[in-house]
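To find a chain, count down the sequence lines: A is the first, B the second, and so on, and within it residues start at 1.
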Amino acid sequence: MNYWLMKSEPDAYGIEDLKRDRTTVWDGVRNYQARNFLRSMAPGDLVFFYHSNTTPPGIVGLMKVAEANIDDPTQFDAKNKYYDPKATKESPRWQTVVVAFVEIFPQFLSLDALRETFNPNELSVVRQGNRLSVMPVPEEVAQTILKQAKG
DNA sequence: GCCAACGTTGGC
DNA sequence: GCCAACGTTGGC
């Protein structure tokens, strides 16, 4: 079982939306490094939900991989903003996961707080200028986050 | 709203 | 294959 962190802007899709929906397809990732991390996820993996582009940004909750390695349906939809004309059903380019809501943490962990605890090598979301939206979280780091987030 | 970081595109 | 131009992310 592995730990991950994924970003979303709460204005687009936040943890409250996932709580309401219970599960969602994590669609729209169009970065190869992020996609490769998505491809290596397995059912049962735990994913920290990070709110980006908000004040303040930080980790708000936890989700779990329910289904791994599915084709992102938005790549086939010509009306979708994530449509990829180079992708076909026979040779899709973008895979993702279905995630399930687990919890909203009692303690919000702001980016500032994360920076106080971790260096960029431990948790790359604290690296300045980091734009990757999907990243692995080492086991020890994940345990520390869970401890702090649960108060 | 600004701008640093950085991935992608396209001319050569 | 290089790299300038461009577009996007995301913190501030």
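In this structure, CD in Glu67(A) is found 11.0 Å from OG1 in Thr96(A), a value given to the nearest 0.5 Å.
Distances shorter than 4.0 Å separate some side-chain N or O of Lys7(A) from OP1 or OP2 on dG10(C). Contact annotation: Tyr50(A) side-chain N/O to dT9(C) OP1/OP2 distance is not under 4.0 Å.
For Trp4(A) and Phe49(A), the ring centers sit 6.0 Å or farther from each other.
At a threshold of 4.5 Å between non-hydrogen side-chain atoms, the residues Glu140(A) and Glu122(A) do not count as touching. Taking the side chain as every heavy atom from C-beta outward, Asn69(A) and Met41(A) never approach each other to under 4.5 Å. Looking only at side-chain heavy atoms (C-beta outward), Asn130(A) and Lys7(A) come within less than 4.5 Å of each other.
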Under 3.5 Å, sequence neighbours excluded: what are the donor-acceptor pairs made by side chains of residues 21-28 of chain A?
unit_1: Asp21(A); atom_1: OD2; unit_2: Tyr13(A); atom_2: OH; d: 2.7

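Taking atom CZ of Arg115(A) as the reference point, atom P of dG10(C) lies 13 Å away to the nearest angstrom. Distance, Asp11(A) CG to dG11(C) C1': 15 Å, rounded to whole Å. The separation between Leu132(A) atom CG and dG11(C) atom C1' is 16 Å, rounded to whole Å. When the P atom of dG11(C) is taken as reference, atom NE2 of His51(A) falls 12 Å away, rounded to whole Å. Put simply, CE on Met6(A) is 16 Å from P on dT9(C), counting in whole angstrom units.
Checking Gln95(A) against Asp71(A) by side-chain atom types alone, a donor-acceptor pair falls below 3.5 Å. Inspection of the Ser110(A) and Asp112(A) side chains reveals no N or O donor paired with an N or O acceptor under 3.5 Å.
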(Q) Does the protein touch nucleotides 1-6 of chain B at the base, only the backbone, or not at all? Give it as B, S and - per nucleotide, heavy atoms under 4.0 Å. (A) ----BB

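Of the residues in residues 24-39 of chain A, those lying under 4.0 Å from DNA chain B by heavy-atom distance are Asn31(A), Tyr32(A).
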